[in-house]
Amino acid sequence: MSGDWLPATVIDADWPIPTGRSLWVRVDGWPGNLAGQHVDVRLTAEDGYRAERSYSISTHGPSPVLEFAVDELPDGEVSPYLVHDIEVGDRFEVRGPVGRYFVWEPAQTGPVQLIAGGSGIVPLMAMARARRDSGSDAPFKLLYSVRGEPYAYFAEELEQLRGETFGIDWVYTKRAPEGWHRPPGRIDRELLEQLVIPAAEQPSVYICGPTPFVEAAANLLVDLGHDPARIRTERFGG
Amino acid sequence: MTISEERRTMIVSRGFGERRREPDPSLPPGQRTTEDFPVMSAGPTPVVSPADWRFSIATERGTAEWGWDDLMAQPIDDVTTDIHCVTRWSKLGTRWRGVSLDHVLAAAGGTEQVSAMIDCYGDYTTNVPIADLVGGKAWLAFEFEGEPLEPEHGFPVRLIVPHLYFWKSAKWVRGLRTQAVDEPGFWEVNGYHQYGDPWREQRYW
(Lines give C-alpha, C1' and ligand atoms only; values in the text may rest on other atoms or scores of the structure.)
Protein backbone atom coordinates (compact mmCIF):
# COMPACT_ATOMS: atom_id res chain seq x y z
CA MET A 1 0.00 0.00 0.00
CA SER A 2 2.71 2.47 0.90
CA GLY A 3 4.94 1.46 -1.96
CA ASP A 4 7.96 3.35 -3.24
CA TRP A 5 9.26 6.82 -2.60
CA LEU A 6 7.67 9.23 -5.05
CA PRO A 7 8.98 12.63 -6.18
CA ALA A 8 7.05 15.60 -4.76
CA THR A 9 7.32 19.17 -6.03
CA VAL A 10 6.23 22.14 -3.93
CA ILE A 11 3.64 24.06 -5.94
CA ASP A 12 2.38 26.47 -3.30
CA ALA A 13 3.32 27.46 0.23
CA ASP A 14 2.13 29.99 2.75
CA TRP A 15 2.21 30.83 6.43
CA PRO A 16 -1.39 30.61 7.64
CA ILE A 17 -0.20 30.96 11.25
CA PRO A 18 2.91 32.69 12.65
CA THR A 19 4.52 29.40 13.73
CA GLY A 20 3.55 27.06 10.92
CA ARG A 21 3.39 26.62 7.21
CA SER A 22 1.04 25.04 4.74
CA LEU A 23 2.69 23.24 1.82
CA TRP A 24 0.97 22.13 -1.37
CA VAL A 25 2.88 19.51 -3.31
CA ARG A 26 2.31 17.63 -6.54
CA VAL A 27 3.21 13.96 -6.24
CA ASP A 28 3.61 12.07 -9.50
CA GLY A 29 2.16 8.60 -9.12
CA TRP A 30 0.29 9.33 -5.86
CA PRO A 31 -2.32 6.56 -5.43
CA GLY A 32 -4.79 8.85 -3.64
CA ASN A 33 -5.62 8.87 0.06
CA LEU A 34 -8.50 8.64 2.49
CA ALA A 35 -9.36 11.57 4.73
CA GLY A 36 -7.19 11.35 7.85
CA GLN A 37 -4.20 9.45 6.49
CA HIS A 38 -0.49 10.34 6.76
CA VAL A 39 2.39 10.64 4.40
CA ASP A 40 6.06 9.90 5.00
CA VAL A 41 8.39 12.65 3.85
CA ARG A 42 12.06 12.09 2.98
CA LEU A 43 14.48 14.97 2.52
CA THR A 44 17.90 14.48 0.95
CA ALA A 45 20.78 16.94 1.29
CA GLU A 46 23.21 17.55 -1.58
CA ASP A 47 25.78 15.22 -0.01
CA GLY A 48 23.25 12.40 0.33
CA TYR A 49 22.36 12.91 4.00
CA ARG A 50 18.71 12.03 4.61
CA ALA A 51 15.99 12.59 7.18
CA GLU A 52 12.45 11.23 7.27
CA ARG A 53 9.30 12.41 9.03
CA SER A 54 5.56 11.65 9.00
CA TYR A 55 2.89 14.31 8.43
CA SER A 56 -0.88 14.20 8.37
CA ILE A 57 -2.51 15.22 5.09
CA SER A 58 -5.31 17.82 4.99
CA THR A 59 -6.46 16.77 1.51
CA HIS A 60 -8.20 13.56 0.41
CA GLY A 61 -9.24 11.58 -2.63
CA PRO A 62 -7.48 10.66 -5.87
CA SER A 63 -5.80 14.03 -6.54
CA PRO A 64 -1.98 14.01 -6.89
CA VAL A 65 -1.92 17.41 -5.19
CA LEU A 66 -1.54 17.08 -1.42
CA GLU A 67 -1.55 19.65 1.32
CA PHE A 68 0.04 19.27 4.69
CA ALA A 69 0.78 21.73 7.47
CA VAL A 70 4.02 21.85 9.42
CA ASP A 71 4.43 23.42 12.85
CA GLU A 72 7.92 24.62 13.60
CA LEU A 73 9.41 22.65 16.49
CA PRO A 74 11.89 24.73 18.51
CA ASP A 75 14.68 22.17 18.36
CA GLY A 76 13.65 20.62 15.09
CA GLU A 77 15.83 19.51 12.24
CA VAL A 78 13.27 19.09 9.45
CA SER A 79 10.43 21.41 10.48
CA PRO A 80 12.50 24.66 10.41
CA TYR A 81 13.55 23.77 6.86
CA LEU A 82 9.98 23.11 5.74
CA VAL A 83 8.65 26.19 7.54
CA HIS A 84 11.31 28.71 6.53
CA ASP A 85 13.60 27.49 3.75
CA ILE A 86 11.79 25.36 1.22
CA GLU A 87 10.34 27.26 -1.74
CA VAL A 88 7.92 26.67 -4.59
CA GLY A 89 9.66 24.47 -7.15
CA ASP A 90 11.80 22.63 -4.58
CA ARG A 91 11.53 18.87 -4.41
CA PHE A 92 11.59 16.04 -1.90
CA GLU A 93 10.12 12.53 -1.73
CA VAL A 94 6.98 11.10 -0.17
CA ARG A 95 5.64 7.62 0.49
CA GLY A 96 2.16 6.62 1.44
CA PRO A 97 -0.61 6.91 2.26
CA VAL A 98 -0.22 5.47 5.75
CA GLY A 99 -2.81 4.36 8.33
CA ARG A 100 -6.30 2.97 7.87
CA TYR A 101 -7.90 3.59 11.25
CA PHE A 102 -7.97 7.34 11.88
CA VAL A 103 -10.00 7.91 8.70
CA TRP A 104 -13.48 9.08 7.77
CA GLU A 105 -15.16 7.85 4.61
CA PRO A 106 -18.28 9.34 2.98
CA ALA A 107 -20.02 5.94 3.33
CA GLN A 108 -20.20 6.67 7.08
CA THR A 109 -23.57 8.36 7.56
CA GLY A 110 -23.67 8.73 11.37
CA PRO A 111 -22.92 11.90 13.33
CA VAL A 112 -19.28 12.90 13.63
CA GLN A 113 -17.60 14.99 16.30
CA LEU A 114 -14.16 16.34 15.38
CA ILE A 115 -11.95 17.68 18.18
CA ALA A 116 -8.69 19.40 17.25
CA GLY A 117 -5.91 20.95 19.29
CA GLY A 118 -3.58 23.25 17.32
CA SER A 119 -2.21 21.62 14.16
CA GLY A 120 -4.22 18.52 15.11
CA ILE A 121 -6.77 20.10 12.78
CA VAL A 122 -4.86 18.79 9.74
CA PRO A 123 -6.32 15.26 9.37
CA LEU A 124 -9.71 16.53 10.59
CA MET A 125 -9.67 19.17 7.85
CA ALA A 126 -9.30 16.36 5.35
CA MET A 127 -12.46 14.81 6.83
CA ALA A 128 -14.34 18.12 6.67
CA ARG A 129 -13.28 18.56 3.04
CA ALA A 130 -14.21 14.95 2.22
CA ARG A 131 -17.67 15.56 3.65
CA ARG A 132 -18.09 18.73 1.59
CA ASP A 133 -16.70 17.23 -1.62
CA SER A 134 -18.83 14.08 -1.38
CA GLY A 135 -22.06 15.97 -0.68
CA SER A 136 -22.46 13.90 2.49
CA ASP A 137 -25.16 15.09 4.87
CA ALA A 138 -23.71 13.30 7.91
CA PRO A 139 -24.07 15.72 10.83
CA PHE A 140 -20.62 17.10 11.72
CA LYS A 141 -19.42 19.21 14.61
CA LEU A 142 -15.92 20.55 15.07
CA LEU A 143 -14.40 21.77 18.31
CA TYR A 144 -11.14 23.52 17.50
CA SER A 145 -8.88 24.61 20.36
CA VAL A 146 -6.16 27.15 19.57
CA ARG A 147 -3.97 29.53 21.56
CA GLY A 148 -5.61 32.51 19.94
CA GLU A 149 -7.20 33.57 16.67
CA PRO A 150 -3.93 34.01 14.73
CA TYR A 151 -2.99 30.38 15.47
CA ALA A 152 -5.92 28.75 13.69
CA TYR A 153 -5.14 26.86 10.50
CA PHE A 154 -7.88 26.88 7.81
CA ALA A 155 -9.95 29.47 9.72
CA GLU A 156 -11.57 30.99 6.65
CA GLU A 157 -12.29 27.71 4.87
CA LEU A 158 -13.77 26.27 8.05
CA GLU A 159 -16.09 29.21 8.49
CA GLN A 160 -17.33 28.62 4.94
CA LEU A 161 -18.18 25.04 5.88
CA ARG A 162 -20.29 26.16 8.80
CA GLY A 163 -23.94 25.37 8.26
CA GLU A 164 -27.00 23.68 9.67
CA THR A 165 -25.34 20.26 9.73
CA PHE A 166 -21.76 21.45 10.30
CA GLY A 167 -21.25 23.15 13.63
CA ILE A 168 -18.01 24.84 14.59
CA ASP A 169 -16.97 25.80 18.11
CA TRP A 170 -13.78 27.73 18.70
CA VAL A 171 -11.98 27.37 22.00
CA TYR A 172 -9.23 29.87 22.79
CA THR A 173 -6.76 28.77 25.44
CA LYS A 174 -4.54 31.87 25.86
CA ARG A 175 -6.21 34.82 24.28
CA ALA A 176 -9.79 35.16 23.08
CA PRO A 177 -10.93 37.71 20.48
CA GLU A 178 -12.38 40.98 21.76
CA GLY A 179 -15.87 40.42 23.16
CA TRP A 180 -15.70 36.61 22.94
CA HIS A 181 -18.37 34.96 25.06
CA ARG A 182 -15.97 32.76 27.05
CA PRO A 183 -12.78 33.63 28.89
CA PRO A 184 -9.68 31.89 27.46
CA GLY A 185 -8.97 28.47 28.94
CA ARG A 186 -8.39 24.83 28.25
CA ILE A 187 -11.15 22.33 27.55
CA ASP A 188 -12.86 20.90 30.62
CA ARG A 189 -15.79 18.63 31.40
CA GLU A 190 -18.39 21.40 31.40
CA LEU A 191 -17.21 22.74 28.07
CA LEU A 192 -17.26 19.33 26.39
CA GLU A 193 -20.67 18.56 27.85
CA GLN A 194 -21.92 21.79 26.34
CA LEU A 195 -20.23 21.64 22.93
CA VAL A 196 -19.80 17.98 21.95
CA ILE A 197 -22.54 15.88 20.30
CA PRO A 198 -24.09 14.02 23.27
CA ALA A 199 -23.13 10.39 23.93
CA ALA A 200 -26.79 9.41 23.47
CA GLU A 201 -26.52 10.30 19.77
CA GLN A 202 -23.57 7.92 19.46
CA PRO A 203 -21.26 10.13 17.41
CA SER A 204 -18.03 8.84 15.93
CA VAL A 205 -15.40 11.00 17.62
CA TYR A 206 -12.02 11.88 16.12
CA ILE A 207 -9.54 13.66 18.39
CA CYS A 208 -6.16 14.92 17.22
CA GLY A 209 -3.62 17.17 18.88
CA PRO A 210 -0.79 17.24 21.41
CA THR A 211 -0.80 14.31 23.86
CA PRO A 212 -2.08 16.20 26.95
CA PHE A 213 -4.95 17.69 24.91
CA VAL A 214 -5.97 14.35 23.45
CA GLU A 215 -5.68 12.56 26.80
CA ALA A 216 -7.86 15.20 28.47
CA ALA A 217 -10.51 15.24 25.75
CA ALA A 218 -10.73 11.45 25.38
CA ASN A 219 -10.86 10.80 29.14
CA LEU A 220 -13.52 13.47 29.67
CA LEU A 221 -15.67 12.07 26.88
CA VAL A 222 -15.47 8.54 28.30
CA ASP A 223 -16.47 10.07 31.61
CA LEU A 224 -19.43 11.75 29.89
CA GLY A 225 -20.65 8.37 28.70
CA HIS A 226 -19.14 8.11 25.22
CA ASP A 227 -18.29 4.56 24.18
CA PRO A 228 -14.45 4.29 24.07
CA ALA A 229 -14.82 2.13 20.96
CA ARG A 230 -16.26 5.12 19.08
CA ILE A 231 -13.44 7.50 20.05
CA ARG A 232 -10.47 7.50 17.69
CA THR A 233 -7.38 9.39 18.73
CA GLU A 234 -4.20 10.58 17.21
CA ARG A 235 -1.58 12.13 19.45
CA PHE A 236 1.44 13.99 18.22
CA GLY A 237 4.64 15.07 19.82
CA GLY A 238 6.51 12.08 18.43
CA MET B 1 22.06 0.42 -8.77
CA THR B 2 25.60 1.63 -8.05
CA ILE B 3 26.20 4.48 -5.65
CA SER B 4 27.04 6.90 -8.47
CA GLU B 5 23.85 5.97 -10.29
CA GLU B 6 21.87 6.46 -7.12
CA ARG B 7 23.48 9.88 -6.66
CA ARG B 8 22.47 10.93 -10.16
CA THR B 9 18.84 9.93 -9.65
CA MET B 10 18.66 11.32 -6.11
CA ILE B 11 16.02 13.94 -5.47
CA VAL B 12 17.85 16.63 -3.55
CA SER B 13 16.14 19.30 -1.48
CA ARG B 14 18.08 22.47 -2.12
CA GLY B 15 19.65 23.83 1.06
CA PHE B 16 18.51 20.98 3.28
CA GLY B 17 20.79 19.48 5.90
CA GLU B 18 22.16 22.43 7.86
CA ARG B 19 20.59 21.35 11.11
CA ARG B 20 21.53 17.70 10.72
CA ARG B 21 22.17 15.42 13.68
CA GLU B 22 25.27 13.29 14.09
CA PRO B 23 24.45 9.79 12.82
CA ASP B 24 24.04 7.33 15.68
CA PRO B 25 24.84 3.68 14.88
CA SER B 26 22.33 2.48 17.47
CA LEU B 27 19.52 4.07 15.44
CA PRO B 28 17.71 1.94 12.84
CA PRO B 29 17.25 3.57 9.41
CA GLY B 30 14.82 6.50 9.23
CA GLN B 31 14.68 6.96 13.03
CA ARG B 32 15.67 9.87 15.25
CA THR B 33 16.19 10.01 19.00
CA THR B 34 13.81 11.69 21.39
CA GLU B 35 14.16 12.50 25.07
CA ASP B 36 10.37 12.62 25.51
CA PHE B 37 8.15 9.61 25.64
CA PRO B 38 5.50 10.24 22.96
CA VAL B 39 2.13 8.50 23.28
CA MET B 40 0.68 6.52 20.41
CA SER B 41 -2.78 5.09 21.06
CA ALA B 42 -5.73 4.54 18.76
CA GLY B 43 -8.32 5.40 21.42
CA PRO B 44 -8.87 6.61 24.97
CA THR B 45 -6.67 5.39 27.81
CA PRO B 46 -8.32 2.42 29.58
CA VAL B 47 -8.47 2.61 33.37
CA VAL B 48 -7.33 -0.65 35.00
CA SER B 49 -6.27 -1.05 38.63
CA PRO B 50 -3.68 -3.67 39.61
CA ALA B 51 -6.35 -5.29 41.84
CA ASP B 52 -8.65 -5.76 38.85
CA TRP B 53 -5.94 -6.65 36.35
CA ARG B 54 -6.14 -10.16 34.88
CA PHE B 55 -3.92 -11.79 32.30
CA SER B 56 -5.09 -14.95 30.57
CA ILE B 57 -2.66 -17.25 28.79
CA ALA B 58 -4.53 -19.41 26.29
CA THR B 59 -2.62 -22.13 24.46
CA GLU B 60 -3.47 -25.43 22.77
CA ARG B 61 -3.01 -26.97 26.25
CA GLY B 62 -5.61 -24.85 28.03
CA THR B 63 -5.97 -21.48 29.70
CA ALA B 64 -4.17 -20.10 32.74
CA GLU B 65 -5.05 -16.81 34.38
CA TRP B 66 -2.81 -14.50 36.36
CA GLY B 67 -3.67 -11.63 38.64
CA TRP B 68 -1.28 -8.95 39.87
CA ASP B 69 0.05 -11.13 42.75
CA ASP B 70 0.78 -14.00 40.38
CA LEU B 71 2.79 -11.66 38.18
CA MET B 72 4.73 -10.35 41.18
CA ALA B 73 5.49 -13.92 42.31
CA GLN B 74 7.48 -14.54 39.10
CA PRO B 75 11.20 -13.86 38.64
CA ILE B 76 11.52 -10.18 37.74
CA ASP B 77 14.07 -8.89 35.21
CA ASP B 78 15.68 -5.46 35.01
CA VAL B 79 15.80 -4.61 31.33
CA THR B 80 17.70 -1.79 29.64
CA THR B 81 16.86 -1.46 25.98
CA ASP B 82 16.36 0.88 23.02
CA ILE B 83 12.82 1.28 21.72
CA HIS B 84 11.77 2.28 18.20
CA CYS B 85 8.35 3.66 17.23
CA VAL B 86 7.15 3.35 13.64
CA THR B 87 6.37 7.09 13.72
CA ARG B 88 10.17 7.53 13.61
CA TRP B 89 11.20 8.29 17.16
CA SER B 90 13.58 6.08 19.07
CA LYS B 91 14.42 6.25 22.74
CA LEU B 92 17.79 4.85 23.73
CA GLY B 93 18.69 3.06 26.97
CA THR B 94 15.20 2.92 28.50
CA ARG B 95 14.94 0.97 31.77
CA TRP B 96 12.07 -1.39 32.55
CA ARG B 97 11.16 -4.06 35.10
CA GLY B 98 9.01 -7.00 34.13
CA VAL B 99 8.48 -10.71 33.84
CA SER B 100 9.96 -12.53 30.88
CA LEU B 101 7.47 -14.08 28.46
CA ASP B 102 9.54 -17.27 28.87
CA HIS B 103 7.98 -17.58 32.35
CA VAL B 104 4.55 -16.58 31.11
CA LEU B 105 4.47 -19.31 28.46
CA ALA B 106 6.09 -21.88 30.75
CA ALA B 107 3.33 -21.28 33.30
CA ALA B 108 0.87 -22.41 30.66
CA GLY B 109 2.92 -25.53 29.86
CA GLY B 110 4.62 -24.09 26.77
CA THR B 111 3.27 -24.08 23.23
CA GLU B 112 4.04 -25.65 19.89
CA GLN B 113 2.14 -22.95 18.02
CA VAL B 114 3.83 -20.32 15.85
CA SER B 115 2.30 -17.04 16.94
CA ALA B 116 0.47 -15.23 19.71
CA MET B 117 -2.30 -12.66 19.58
CA ILE B 118 -1.90 -10.17 22.39
CA ASP B 119 -5.21 -8.87 23.78
CA CYS B 120 -5.59 -5.58 25.63
CA TYR B 121 -8.05 -3.61 27.71
CA GLY B 122 -9.56 -1.17 25.22
CA ASP B 123 -9.66 -3.99 22.64
CA TYR B 124 -6.30 -3.33 21.00
CA THR B 125 -4.61 -6.44 19.61
CA THR B 126 -1.26 -7.23 18.06
CA ASN B 127 0.34 -10.41 16.75
CA VAL B 128 3.87 -11.54 17.61
CA PRO B 129 5.59 -14.79 16.55
CA ILE B 130 6.29 -17.09 19.52
CA ALA B 131 9.97 -17.12 18.50
CA ASP B 132 10.04 -13.36 19.20
CA LEU B 133 8.44 -13.74 22.62
CA VAL B 134 10.78 -16.42 24.06
CA GLY B 135 14.51 -16.47 24.70
CA GLY B 136 14.65 -13.32 26.83
CA LYS B 137 13.27 -11.02 24.11
CA ALA B 138 9.91 -9.95 25.56
CA TRP B 139 8.50 -9.00 28.95
CA LEU B 140 5.29 -8.13 30.76
CA ALA B 141 6.56 -4.81 32.08
CA PHE B 142 5.10 -2.92 35.03
CA GLU B 143 7.81 -0.31 35.71
CA PHE B 144 9.48 2.29 33.51
CA GLU B 145 12.50 4.23 34.79
CA GLY B 146 11.87 3.04 38.34
CA GLU B 147 8.21 4.11 38.47
CA PRO B 148 4.90 2.36 37.78
CA LEU B 149 3.83 2.86 34.16
CA GLU B 150 1.93 6.07 33.41
CA PRO B 151 -1.74 5.42 32.52
CA GLU B 152 -1.21 6.50 28.90
CA HIS B 153 1.84 4.21 28.65
CA GLY B 154 0.00 1.07 29.68
CA PHE B 155 -0.63 1.03 33.45
CA PRO B 156 -0.65 -1.42 35.11
CA VAL B 157 1.06 -3.83 32.68
CA ARG B 158 2.25 -3.65 29.10
CA LEU B 159 4.16 -5.95 26.81
CA ILE B 160 7.61 -4.92 25.66
CA VAL B 161 9.13 -6.59 22.60
CA PRO B 162 11.83 -4.00 22.02
CA HIS B 163 13.46 -5.59 18.96
CA LEU B 164 10.26 -4.92 16.98
CA TYR B 165 8.56 -1.57 16.25
CA PHE B 166 6.87 -0.40 19.40
CA TRP B 167 3.24 -0.85 18.30
CA LYS B 168 3.95 -4.55 18.99
CA SER B 169 4.68 -3.61 22.62
CA ALA B 170 0.99 -3.50 23.47
CA LYS B 171 -0.25 -1.41 26.40
CA TRP B 172 -2.88 -2.44 29.01
CA VAL B 173 -2.41 -6.12 28.20
CA ARG B 174 -4.99 -8.61 29.43
CA GLY B 175 -3.96 -11.81 27.74
CA LEU B 176 -2.33 -13.76 24.97
CA ARG B 177 -3.74 -16.46 22.74
CA THR B 178 -1.36 -18.70 20.86
CA GLN B 179 -2.35 -19.27 17.25
CA ALA B 180 -1.45 -21.88 14.65
CA VAL B 181 -1.29 -19.18 11.96
CA ASP B 182 0.21 -15.69 12.43
CA GLU B 183 -3.12 -13.83 12.12
CA PRO B 184 -2.78 -10.01 12.04
CA GLY B 185 -3.75 -7.73 14.95
CA PHE B 186 -5.18 -4.21 15.01
CA TRP B 187 -2.50 -2.12 13.30
CA GLU B 188 -1.45 -5.08 11.18
CA VAL B 189 -4.87 -4.97 9.45
CA ASN B 190 -4.83 -1.16 9.43
CA GLY B 191 -1.76 -0.68 7.30
CA TYR B 192 1.24 -1.66 9.40
CA HIS B 193 3.64 -4.52 8.78
CA GLN B 194 2.90 -8.06 9.91
CA TYR B 195 6.31 -8.44 11.62
CA GLY B 196 7.79 -4.93 12.10
CA ASP B 197 11.59 -5.23 12.23
CA PRO B 198 12.99 -1.68 12.62
CA TRP B 199 16.40 -2.66 11.20
CA ARG B 200 14.73 -3.77 7.97
CA GLU B 201 12.31 -0.80 8.10
CA GLN B 202 9.26 -3.06 8.01
CA ARG B 203 6.90 -0.18 8.71
CA TYR B 204 3.95 -0.77 6.42
CA TRP B 205 2.38 -3.40 4.19
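Just so it is clear: chains get the letters A, B, ... in the order the sequence lines come, proteins before strands, and each one is counted from 1. Small disclaimer: the values here were computed from a predicted structure and weren't measured.
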Which answer fits [X], side chain, backbone, both or neither, if we ask what part of it has an atom under 4.5 Å from a heavy atom of chain B?
X	value
Phe102(A)	neither
Asp90(A)	side chain
Glu215(A)	side chain

Any idea which of [options] has the most non-hydrogen atom pairs under 4.5 angstrom with chain B?
options	result
Val10(A), Leu43(A), Val78(A), Leu82(A)	Leu43(A)
Ser54(A), Pro80(A), Ala217(A)	Pro80(A)
Glu87(A), Arg232(A), His226(A), Arg53(A)	Arg53(A)

- Message: If you count every heavy atom of other residues, nucleotides or ligands that lies below 6.0 Å from Asp227(A) atom CG, does the total exceed 12?
- Response: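 Check passes, neighbour count above 12.
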- Query: More than 12 foreign heavy atoms under 6.0 Å from CD of Glu190(A): is that the case here?
  - Reply: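 At most 12 heavy atoms, drawn from other residues, nucleotides or ligands, come within 6.0 Å of this atom.
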- Task: Measure Phe186(B) against the heavy atoms of chain A and call it side chain, backbone, both or neither at under 4.5 Å.
- Result: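 Contact with chain A is through the side chain of Phe186(B) alone.
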- Message: Quick check on Arg88(B) against chain A: is it the side chain, the backbone, both or neither that has a heavy atom closer than 4.5 Å?
- Response: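 Answer is side chain: those atoms of Arg88(B) sit under 4.5 Å from chain A.
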For a 4.5 angstrom cut-off between non-hydrogen side-chain atoms, does [X] reach [Y]?
X	Y	answer
Val157(B)	Trp68(B)	yes
Val205(A)	Ile115(A)	yes
Tyr153(A)	Tyr144(A)	yes

- Message: Regarding Arg26(A) and Asp12(A), does a basic nitrogen lie under 4.0 Å from an acidic carboxylate oxygen?
- Response: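 No, this pair does not count.
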- Query: Is the shortest distance from a Lys or Arg side-chain nitrogen in Glu143(B) or Arg158(B) to a carboxylate oxygen in the other one below 4.0 Å?
  - Reply: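 No salt bridge links Glu143(B) with Arg158(B).
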- Among the options Glu152(B), Arg19(B), Arg203(B), pick out the one with the most heavy-atom pairs lying under 4.5 Å from chain A.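 When all of Glu152(B), Arg19(B), Arg203(B) are compared, Arg19(B) has the most.
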- Item | Selection from Pro29(B), Ser41(B), Gly17(B), Gly30(B) maximising heavy-atom pairs under 4.5 Å formed with chain A |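 Maximum pair count with chain A is reached by Ser41(B).
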